[in-house]
Amino acid sequence: VVSLHCDSSVNPHARGAHVCHHRTYHADGSYTDSPGGKALASEIASRLCPIMPGRANKVQARPDHDLNLSSLAILRQTNPTAVLVEVGFLSNDEDLERLRALRHELMSSIAQGLVAFLQIRKS
């Protein structure tokens with residue numbers, strides 16, 4: 001599952017793409033990342049983020065420590081490998097222009113990451 005989104009922020013300087021994967025928290029405070037989700041997120045981010053730079057953390061598990069759950073239901077409640085792709089910020093003029101001008105390249109980079117992930121899993 002690849003869920004595509006665009007960010008928005010009150011900070012006009014917030015910019016760039018990142019890809020989120022599921023993380024399970026344990027009672028002892030430790031956590032386990034979804035191996036498939038993290039691998040898929042890494043494959044997509046390695047191709048997408050150079051086109052939409054700006055994020056320090058390009059692959060993340062969006063934690064909600066109060067609930068001890070990943071805060072993203074699409075990641076937490078989906079059985080197949082799932083990632084959430086934040087392509088860029090609609091609230092950032094530069095990102096918005098890049099989203100408009102490079103939409104085919106952006107979608108191609110996501111597809112290439114997905115294909116690479118599937119080829120790795122197949123071998």
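On a predicted model such as this, the values are computed, not experimentally measured, just so you know.
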Is I74 reachable from L4 through a run of I, L, V, M, F, W or Y residues, each pair having side-chain heavy atoms under 4.5 Å apart?
no

Side chain to side chain contact (heavy atoms under 4.5 Å, CB included), paired with V19, selected from V2, V83, L84, I110:
V83

Within this structure, what is the OG-CG distance for the pair S8 and D95, rounded to the nearest 0.5 Å?
11.0 Å

Same apolar cluster: L75 and V1, side chain cutoff 4.5 Å:
yes

Do I120 and L114 sit in the same hydrophobic cluster, where Ile, Leu, Val, Met, Phe, Trp and Tyr count as joined when their side-chain heavy atoms come under 4.5 Å apart?
no

Donor-acceptor contact present, side-chain S91 to main-chain S9, <3.5 Å
yes

Search all heavy atoms of D33 against all heavy atoms of A61 and return the closest pair with its distance.
OD1-CB, 4.3 Å

Does N92 use its side chain to pair, donor to acceptor, with the backbone of P12 at less than 3.5 Å?
yes

Cluster question for you: counting only ILVMFWY and a side-chain heavy-atom cut-off of under 4.5 Å, with indirect links fine, are L118 and V85 together?
yes

So, taking the atom named CD in E86 and the one named SG in C20, what distance separates them when rounded to the nearest 0.5 Å?
6.5 Å

Does K38 have more than 12 heavy atoms from other residues, nucleotides or ligands lying within 6.0 Å of its NZ?
no

Can you see which heavy atom on E43 is nearest to which on A116, and at what distance?
OE1-CB, 3.5 Å

Given H18, which of D7, N57, V59, V87 fulfils the side chain to side chain contact (heavy atoms under 4.5 Å, CB included) condition?
D7

T32 side chain near H26 side chain, heavy-atom distance below 4.5 Å:
yes

Give me the atom names and distance for the closest heavy-atom approach of G36 to R121.
CA-NH1, 4.1 Å

For H13 and F89, what are the C-alpha separation, side-chain angles and deciding distance, and is it a side chain to side chain contact (heavy atoms under 4.5 Å, CB included)?
CA-CA 9 Å; H13 303 292; F89 282 82; over 6 Å; no

For side-chain hydrogen bond (donor to acceptor under 3.5 Å, both in side chains), just list the numbers for T24 and H22, CA-CA rounded to whole Å, side-chain angles, deciding distance to a tenth of an Å, and then say yes or no.
CA-CA 7 Å; T24 301; H22 181 65; 3.1 Å; yes

Trace of the side-chain hydrogen bond (donor to acceptor under 3.5 Å, both in side chains) decision for Q119 with S123
CA-CA 6 Å; Q119 289 175 337; S123 55; over 6 Å; no

Taking side chain as C-beta onward, heavy atoms only, is P53 less than 4.5 Å from R15?
yes

CG on L90 to NE2 on H5, rounded to 0.5 Å
12.0 Å

Please set out all donor-acceptor pairs under 3.5 angstrom arising from side-chain atoms of residues 97-107, sequence neighbours excluded.
| from | atom 1 | to | atom 2 | distance (Å) |
| --- | --- | --- | --- | --- |
| R98 | NE | I51 | O | 2.9 |
| R98 | NH2 | I51 | O | 2.5 |
| R103 | NH1 | R100 | O | 2.7 |

